[in-house]
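This report refers to the structure that appears directly beneath it.
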Amino acid sequence: QVQLVESGGGLVQAGGSLRLSCAASGSSFSINDMGWYRQEPRKPRDMVATITRRGNTNYADSVKGRFTISRDNAKNTVYLQMNSLKPEDTTVYYCTALGSPRGSSVEYRYWGRGTQVTVSS
């Protein structure tokens, strides 16, 4: 099993910044793609940003130029630097990772519990 522990959410004024972190644990697993999604109440969970183990990134159009995803493979940790935050960025952010048991090519998706980001106007 892979466990994901998020940190860094909170309350910030519009135009401000926050940095989310997510550490993956599971010594018998190889951590592959990692990323961040967000979900508003009663809506589907939407991709915010993803990053491959090699560092290739992908962003939702709504956050391009404002958010930056990065990772530290040695620590199995992914970060989301969020700048120029807007009230519409307010919601719960979830860390996700694809993990494979060592020696296997089968991937499983894992989710963190979520961290609340609130941007006041």
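Counting from 1, the numbers follow the sequence of the chain as shown.
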Please check if the side chain of [X] supplies one atom and the backbone of [Y] the other of a donor-acceptor pair under 3.5 Å.
X: T115; Y: Y93; answer: no
X: Y108; Y: V2; answer: no
X: R71; Y: T77; answer: no
X: S100; Y: V106; answer: yes
X: E6; Y: C95; answer: yes

Heavy-atom count around [X] [atom1] within 6.0 Å, excluding the residue itself: above 12?
X: Q3; atom1: CD; answer: no
X: R54; atom1: CZ; answer: no
X: R53; atom1: CZ; answer: yes

Distance in Å, [X] [atom1] paired with [Y] [atom2], rounded so as to fall on 0.5 Å steps:
X: R113; Y: C22; atom1: CZ; atom2: SG; value: 13.0 Å
X: N83; Y: L85; atom1: CG; atom2: CG; value: 7.5 Å
X: Y59; Y: I69; atom1: OH; atom2: CD1; value: 6.5 Å

Under a 4.5 Å side-chain heavy-atom rule over Ile, Leu, Val, Met, Phe, Trp and Tyr, are [X] and [Y] clustered together?
X: L4; Y: I31; result: yes
X: Y110; Y: V78; result: yes
X: L80; Y: V12; result: yes
X: I51; Y: Y94; result: no
X: V119; Y: L18; result: yes

Task: Salt-bridge contact D61-K64 (side-chain N to carboxylate O under 4.0 Å) - done: yes
Considering non-hydrogen atoms only, spot the tightest contact between [X] and [Y] and give its length.
X: Y79; Y: S21; value: CD2-OG, 3.3 Å
X: N76; Y: M34; value: O-CE, 3.9 Å
X: S62; Y: R38; value: OG-NH2, 3.3 Å
X: P87; Y: S121; value: CG-CB, 3.8 Å

TODO: Check whether any side-chain heavy atom of T50 lies under 4.5 Å from a side-chain heavy atom of D33, and answer yes or no.
DONE: no
Open item on the list: With heavy-atom distances below 4.5 Å as the criterion, would you say the side chains of N58 and M47 are in contact?
Closed with: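 Yes, their side chains come closer than 4.5 Å.
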Task: side chain to side chain contact (heavy atoms under 4.5 Å, CB included) between V92 and Q39, worked out - done: CA-CA 6 Å; V92 180; Q39 185 173 25; 5.7 Å; no
Open item on the list: Here's a test for you: under side-chain contact (heavy atoms from CB on, under 4.5 Å), which of M82, Q81, R66 qualifies with S17?
Closed with: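 Only one option passes, and that is Q81.
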